[in-house]
Peer 1: 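Got a structure for you, questions after.
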Amino acid sequence: MRKIIKRSVVVLLAGVLLFSLSGCKKKQSKDEVQRYAWPLGTSSPEDTVTQLYAEKFAKEVSKLSHGTMKIEVYPNSTLGGDRELLESCKDGDIPFVVQNTAPQVTFLPDTAVFDLPSAFTTIKQAREAVDNPIFYKKMEKVYQKGGYKLLGYADQGFRVMSTNKNVKSIKDFKGQKIRTMENSYHLKFWKTLGANPTPMTFSEVYIGLQQGTIDAQENPYEVIVSSKLYEQQDYVVETNHLPHYISLIVSDEFYNSLSKDQQKIIDQASQIAKKYAREASDKRIADRIKIIKDSGTKIVKLDAKTQKEVREKAQPVYDAIKKNISKDIYNAYLSGVEK
């Protein structure tokens, strides 16, 4: 029933779009009046960098167009979960989507490049990797082939591990029951460290930690605090194993229906929003770390030796991803990483 309701909302929005735009295949003139706001969907809660990214983009589009272009943000999976949003965006029913890259692997296999673990030691390096013009152009083609136009990547910093066991060396990962997303590369990574990864619906994680069904979980600081997961954990270990990238995409068909001036506004607004979201992420991470520390949960930083061992253990994941994605994309993403 829930899926039917969501689909009905999407269909209604599609009708609104078709009515207001007179069809995506028809180029809009700069004098044409936009009678309804274009929807932008996310599956994230409102108090997140994802929401800030989406809202800033919508605000800048309105500002740069002097109010003639309007975007309405729908958070919390109002228009559907990640998979439904991707499908609806491709079809042009929901023009804009802001989401983590992990769910995109099923639709766009080359996005698995973002699942390469422990590739970067700082978030600055990770941002430089996705902003690299050579890499970015290759990813633009990947999204375009899938029916999307890529507008940029922001992030929520790195994903880290929360646990009840102090991790001082590579041996301390062994046997830990850690909740992960249902992603084969994520599962493989934790297995290489000797942990026991368990896919679990996110809504069940807090209770799972509380009841001892799982020992640990991994997420960005943002999620660990917003969902109060730290309340059930003694440690947060800065494994920094994956950057939590957030993509801003638009239906390629919809984008091409816009006038050149409108496309320019969309492009400019996306760049402003990306910079804003990254700065907000950095500030919020510092705040979230303070909240965790004040609660009594300890922050653990892995030493250089352990970080190196984690990367070495993860080699089978690199081999698996390299085998399944474009070699050029793989090399371009890691071009700035010391061999």
Side-chain angles (χ1 to χ4, degrees), residues 1-21 23-24 36-58 61 70-109 111-112 114 142-156 180-183 186 199-205 219-220 222-223 226-227 244-255 257 266 270 273 277:
M1 176 63 73
R2 188 180 175 190
K3 285 188 176 180
I4 293 173
I5 292 172
K6 285 179 178 177
R7 185 62 189 166
S8 297
V9 173
V10 169
V11 171
L12 176 62
L13 287 168
V16 168
L17 280 170
L18 287 170
F19 182 71
S20 60
L21 302 181
C24 282
Y36 300 93
W38 300 321
L40 183 159
T42 87
S43 62
S44 300
E46 293 176 71
D47 185 25
T48 61
V49 172
T50 300
Q51 180 73 2
L52 294 175
Y53 189 16
E55 287 181 345
K56 182 64 173 177
F57 172 65
V61 166
K70 306 176 188 68
I71 294 174
E72 182 75 23
V73 178
Y74 294 85
N76 277 315
S77 299
T78 304
L79 304 182
D82 284 315
R83 184 182 186 89
E84 291 164 304
L85 288 174
L86 281 170
E87 290 173 343
S88 298
C89 184
K90 182 177 180 178
D91 294 340
D93 295 342
I94 300 173
F96 302 96
V97 169
V98 177
Q99 68 176 184
N100 175 233
T101 56
Q104 298 173 353
V105 176
T106 303
F107 295 81
L108 310 166
T111 57
F114 301 125
V142 168
Y143 282 86
Q144 187 175 33
K145 189 176 179 181
Y148 313 99
K149 164 74 175 174
L150 175 64
L151 295 175
Y153 294 109
D155 60 76
Q156 289 185 3
T180 70
M181 287 190 282
E182 197 165 342
N183 178 304
H186 292 199
M200 179 184 289
T201 303
F202 183 71
S203 60
E204 299 174 0
V205 175
N219 261 302
E222 181 107 326
V223 176
S226 65
S227 300
H244 188 89
Y245 293 120
I246 309 168
S247 63
L248 169 57
I249 60 176
V250 59
S251 162
D252 191 53
E253 184 181 12
F254 173 82
Y255 181 83
S257 76
I266 294 293
S270 66

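These figures come from a predicted structure and were not determined experimentally.
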Peer 1: Rounded to the nearest 0.5 Å, what separates atom CG in L85 from atom CZ in R83?
Peer 2: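 The CG atom of L85 sits 12.0 Å away from the CZ atom of R83.
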
Peer 1: Near E204 CD, under 6.0 Å, is it more than 12 heavy atoms from other residues, nucleotides or ligands?
Peer 2: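 More than 12 heavy atoms, drawn from other residues, nucleotides or ligands, come within 6.0 Å of this atom.
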
Peer 1: Quick one: CH2 on W38 to CD1 on I94, what's the gap to the nearest 0.5 Å?
Peer 2: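 It is 15.5 Å, given to the nearest 0.5 Å.
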
Peer 1: Could you report the tightest heavy-atom contact between Y148 and E87, atom names first, then the distance?
Peer 2: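 Smallest heavy-atom distance, with atoms named: OH-N, 4.4 Å.
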
Peer 1: Could you tell me the separation between the CD1 atom of I71 and the CZ atom of F57, rounded to the nearest 0.5 Å?
Peer 2: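 It is 4.0 Å, given to the nearest 0.5 Å.
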
Peer 1: Might you point out which heavy atoms bring S251 and G92 nearest each other, and give the distance in Å?
Peer 2: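 Between these two residues, the closest heavy atoms are OG-CA, 3.7 Å.
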
Peer 1: Taking the side chain as C-beta and beyond, is there a heavy-atom pair between L79 and S88 under 4.5 Å?
Peer 2: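 Not in contact.
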
Peer 1: The criterion is side-chain contact (heavy atoms from CB on, under 4.5 Å); which residues satisfy it with T50, sequence neighbours excluded?
Peer 2: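 For T50, the residues satisfying side-chain contact (heavy atoms from CB on, under 4.5 Å) (neighbours in sequence not counted) are T42, S44, T48, V98, Q156, I246.
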
Peer 1: Work out which heavy atom in M181 is nearest to a heavy atom in A102; give both atom names and the distance.
Peer 2: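 Residues M181 and A102, closest heavy atoms: CE-CB, 3.7 Å.
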
Peer 1: Check the orientation of Y153 and Y245. Use parallel for under 30°, tilted for 30 to 60°, and perpendicular for over 60°.
Peer 2: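 Plane angle between 30° and 60°, so tilted.
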
Peer 1: Under the salt bridge (charged side-chain N to carboxylate O under 4.0 Å, His left out) test, which residues partner K56, sequence neighbours left out?
Peer 2: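 Scan of K56 (salt bridge (charged side-chain N to carboxylate O under 4.0 Å, His left out), adjacent residues dropped) gives E60.
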
Peer 1: Using the test side-chain contact (heavy atoms from CB on, under 4.5 Å), find all partners of Q144 that sit at least two apart in sequence or belong to another chain.
Peer 2: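 For Q144 the side-chain contact (heavy atoms from CB on, under 4.5 Å) partners, ignoring immediate neighbours, are D252.
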
Peer 1: To the nearest 0.5 Å, what is the distance between CG (L151) and OH (Y53)?
Peer 2: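 With rounding to 0.5 Å, CG (L151) is 7.5 Å from OH (Y53).
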
Peer 1: Of all heavy-atom pairs between V73 and A58, which one has the smallest distance, and what is that distance?
Peer 2: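 The answer is CG2-CB, 4.1 Å.
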
Peer 1: Could you check whether any side-chain heavy atom of N100 comes within less than 4.5 Å of a side-chain heavy atom of H244, counting everything from C-beta outward?
Peer 2: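 The answer is yes, as the side chains (C-beta and beyond) meet within the 4.5 Å cut-off.
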
Peer 1: Which pair of heavy atoms, one from L40 and one from A54, lies closest together, and at what distance?
Peer 2: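 Scanning both residues, the minimum pair turns out to be CD2-CB, 3.6 Å.
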
Peer 1: To the nearest 0.5 Å, tell me how far S43 OG sits from F202 CZ.
Peer 2: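 Answer for the OG-CZ pair, S43 versus F202, is 11.0 Å.
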
Peer 1: Using a 4.5 Å cut-off on heavy atoms from C-beta on, say whether the side chain of L86 contacts that of I249.
Peer 2: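 Yes. Closest side-chain heavy atoms under 4.5 Å.
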
Peer 1: Of all heavy-atom pairs between C89 and P95, which one has the smallest distance, and what is that distance?
Peer 2: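 Smallest heavy-atom distance, with atoms named: SG-O, 3.4 Å.
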
Peer 1: Hey, does the side chain of S247 reach the backbone of Q99 with a donor-acceptor pair shorter than 3.5 angstrom?
Peer 2: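 At least one qualifying donor-acceptor pair exists.
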
Peer 1: To the nearest 0.5 Å, what is the distance between CD on E222 and CG on D47?
Peer 2: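 The CG atom of D47 is 6.5 Å from CD of E222, to the nearest 0.5 Å.
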
